[in-house]
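Below, chains carry the letters A, B, ... as their sequence lines are ordered, and counting in each starts from 1.
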There are 2 protein chains.
Amino acid sequence: MTAKNKSALTEKDGVSQPETTSKSSAEKIKLRRSKQITTDEFVTNILAGNITYLSRAITLVESTNVNHQKQATEIIERCLPHANKSIRIGITGVPGVGKSTFIEAFGKHVTSLGKKVAVLAVDPSSSVNKGSILGDKTRMEELVTDKNAFIRPSPSGTSLGGVAQKTRESIILCEAAGFDTIIIETVGVGQSETAVHSMVDFFLLLKLAGAGDELQGIKRGIIEMADAIVINKADGDNEKNAKIAKVAFTRALHLYPPKESGWLPKVETASALTNDNIDKVFSMIAEYFTTVTTSGYFQQKRNEQNKYWLLETINLQLKNNFFGRDVVKNQLEKEIKNLENGKTTPFNAAKNLLDL
Amino acid sequence: MTAKNKSALTEKDGVSQPETTSKSSAEKIKLRRSKQITTDEFVTNILAGNITYLSRAITLVESTNVNHQKQATEIIERCLPHANKSIRIGITGVPGVGKSTFIEAFGKHVTSLGKKVAVLAVDPSSSVNKGSILGDKTRMEELVTDKNAFIRPSPSGTSLGGVAQKTRESIILCEAAGFDTIIIETVGVGQSETAVHSMVDFFLLLKLAGAGDELQGIKRGIIEMADAIVINKADGDNEKNAKIAKVAFTRALHLYPPKESGWLPKVETASALTNDNIDKVFSMIAEYFTTVTTSGYFQQKRNEQNKYWLLETINLQLKNNFFGRDVVKNQLEKEIKNLENGKTTPFNAAKNLLDL
């Protein structure tokens with residue numbers, strides 16, 4: 001299955017599926033029915049860049065079935081030596097800022113340079129069924145038909161920790177399949193930016209130029225995370241405002257302390273509509289990677305991220321084990337009520353819960 | 001013991017202690033030797049505003065002795081109904097910004113208004129013996145002799161969680177002893193600001209005006225926490241630069257999204273040397289409290305902080321229990337090495353550790 005066929009198979013409300021079955025669809029169905037795809041087959045095909053197997057392996061990663069998870073772990077372990085060779089870019093921005101169109105334009109530019117781009121999403125609130133940000137793939141009509149592009153919606157899951165873990169594992173599979181540019185999209189209004197920030201090398205904040213309220217709706221703290229701010233939709237009547245916003249942000253960013261990477265965050269205007277400056281944004285990112293690879297910061301950050309995720313995974317599991325118990329849940333409610341009435345201290349309440 | 005005697009008893013390297021013992025010193029020694037101070041005595045005396053008993057109770061809070069901790073918990077529980085009536089102000093800034101002199105000038109102004117001020121410190125790296133930020137109390141010579149002021153160095157402890165917990169409990173005791181203004185000082189270069197931010201109502205960042213590097217040395221993220229930035233040492237030759245910095249920061253803060261409190265962070269210049277604008281800073285803080293008390297945000301934030309500390313305490317304990325085991329420590333080292341060599345994923349490493 002190529003990305004093109006993938007698109008044709010996309011379920012879209014109100015659009016009936018074709019009744020005739022193409023050859024590749026038949027292949028896919030066969031693959032789905034087969035219970036016997038071995039780990040060997042998965043690994044060989046993923047390393048050969050086969051998107052159908054990549055997609056299917058990610059489905060295993062996302063599965064809650066214990067056997068699926070076991071096989072997913074095996075596949076990931078064997079893909080690991082072939083991973084870690086991409087650049088990982090996080091892109092965030094509030095709804096309406098034009099993330100999909102920007103990523104499409106940016107992705108097309110990346111593939112035009114002979115590179116392979118994978119777009120994954122982290123959106124804990126959504127699921128494939130409930131309609132994730134990337135669920136409706138027709139929003140990236142052109143990129144989806146590009147054989148050097150792979151687009152995958154956010155894994156389903158209610159906990160951010162779970163979604164983030166699955167995405168991190170999917171990154172490894174995409175890298176093993178030869179994708180050298182990984183884009184992680186997130187909605188920019190919740191807790192997910194911190195999770196995304198800790199799995200990417202470069203963090204890009206998309207903004208719109210507005211009258212005074214340049215940062216309206218963006219969560220506090222995101223600006224300090226950003227390696228670049230791109231003022232999107234800088235076309236037509238917006239162009240002037242975008243340039244004013246660029247000056248304001250550049251000035252504001254200069255007030256920040258220098259980043260550990262030594263990189264001074266940059267501000268750029270761009271238009272996904274006219275394609276203006278999309279190449280400039282890519283050059284800027286390329287410049288960043290040259291800088292941090294040379295300085296050794298790139299590997300240092302990846303090591304830190306790995307350690308962070310190791311500890312984070314353990315902490316999450318410890319918490320789930322503890323707070324998942326009914327007796328704890330009931331007592332927690334009581335202790336919170338006592339706290340609100342000023343009848344206990346947080347530490348005493350914690351002690352009572354831990355004594356259970 | 002009054003604050004004055006407290007100061008005289010401060011241990012200072014190279015300064016020999018007085019050989020004659022004053023009446024209050026004798027009282028204190030008696031109190032120290034006595035093993036039989038009952039919880040009743042503690043509570044009665046703390047509620048009466050007796051600083052000797054307050055200080056002694058905080059020592060119990062800070063003790064690692066199980067019996068001391070048990071009594072401390074009892075005292076805190078009985079003080080709780082009399083607590084929560086103060087305003088809690090966090091003050092941070094890099095070393096050299098003039099925190100001590102600013103807090104002294106600010107504290108004197110607060111007591112001149114007929115209020116009672118307690119100054120506590122959170123500095124996980126230091127201990128009373130190793131020299132905490134407030135350890136050398138002579139740096140606040142005037143405030144230390146003020147009978148309406150109580151100054152306490154950072155509790156000793158290597159973990160931030162432990163130090164923060166003790167400080168939060170000490171706040172309750174200070175409030176029960178009638179201190180209506182609590183200042184929490186922190187060094188502004190580590191992780192401690194987040195902890196302090198989550199135990200105060202108002203967060204103030206002290207800054208110096210500099211040539212271009214206004215934020216040099218300040219940890220990223222602190223600016224977004226600040227309810228106010230005060231540019232200190234705005235006197236003499238510095239005055240002009242301080243005013244320029246004020247304009248730059250005011251402009252930068254306007255680019256931030258609005259705070260949940262509805263409060264727009266303010267920038268002020270001040271001088272602890274000439275006392276210029278110290279009153280203005282206090283008026284600004286008073287204005288903040290009027291705003292958030294009226295809107296209900298004050299109580300809402302305190303409730304959230306209590307819940308945060310409840311969960312934080314439990315998480316800390318769960319982690320300590322897990323990572324404290326030798327078998328985990330040894331395996332963790334191995335897994336981190338494997339991670340750095342790209343031989344495992346964070347999730348697989350976590351699984352191996354959790355399986356122990």
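Across A/Leu332, A/Leu80, A/Thr345, A/Leu353, the residue that shares the most heavy-atom pairs under 4.5 angstrom with chain B is A/Leu80. Ranked by heavy-atom pairs under 4.5 Å with chain B, the list A/Asn303, A/Thr73, A/Asn315 is led by A/Asn315. Counting heavy-atom pairs closer than 4.5 Å to chain A, the top-ranked of the candidates B/Gly342, B/Pro81, B/Pro346, B/Ala83 is B/Pro346. Comparing A/Gln165, A/Glu340, A/Lys351, A/Arg251 by how many heavy-atom pairs each has under 4.5 Å with chain B, the most go to A/Gln165.
Within the 4.5 angstrom heavy-atom criterion, only side-chain atoms of A/Leu354, from C-beta onward, approach chain B. At a 4.5 Å heavy-atom cutoff, the contact between A/Leu339 and chain B is made by backbone and side-chain atoms alike.
Under 4.0 Å is where a charged nitrogen must lie from a carboxylate oxygen, and between B/Asp201 and B/Lys301 no such pair does.
To the nearest 0.5 angstrom, A/His197 atom NE2 is 10.5 Å from A/Tyr308 atom OH.
Within the 3.5 Å criterion, the main-chain N or O of B/Glu335 finds no donor-acceptor partner in the side chain of B/Lys343. Side chain of B/Asn65 to backbone of B/Asn67: a donor-acceptor contact under 3.5 angstrom is found.
B/Asn84 and B/Glu175 share no donor-acceptor pair across their side chains, judged by distance under 3.5 Å alone.
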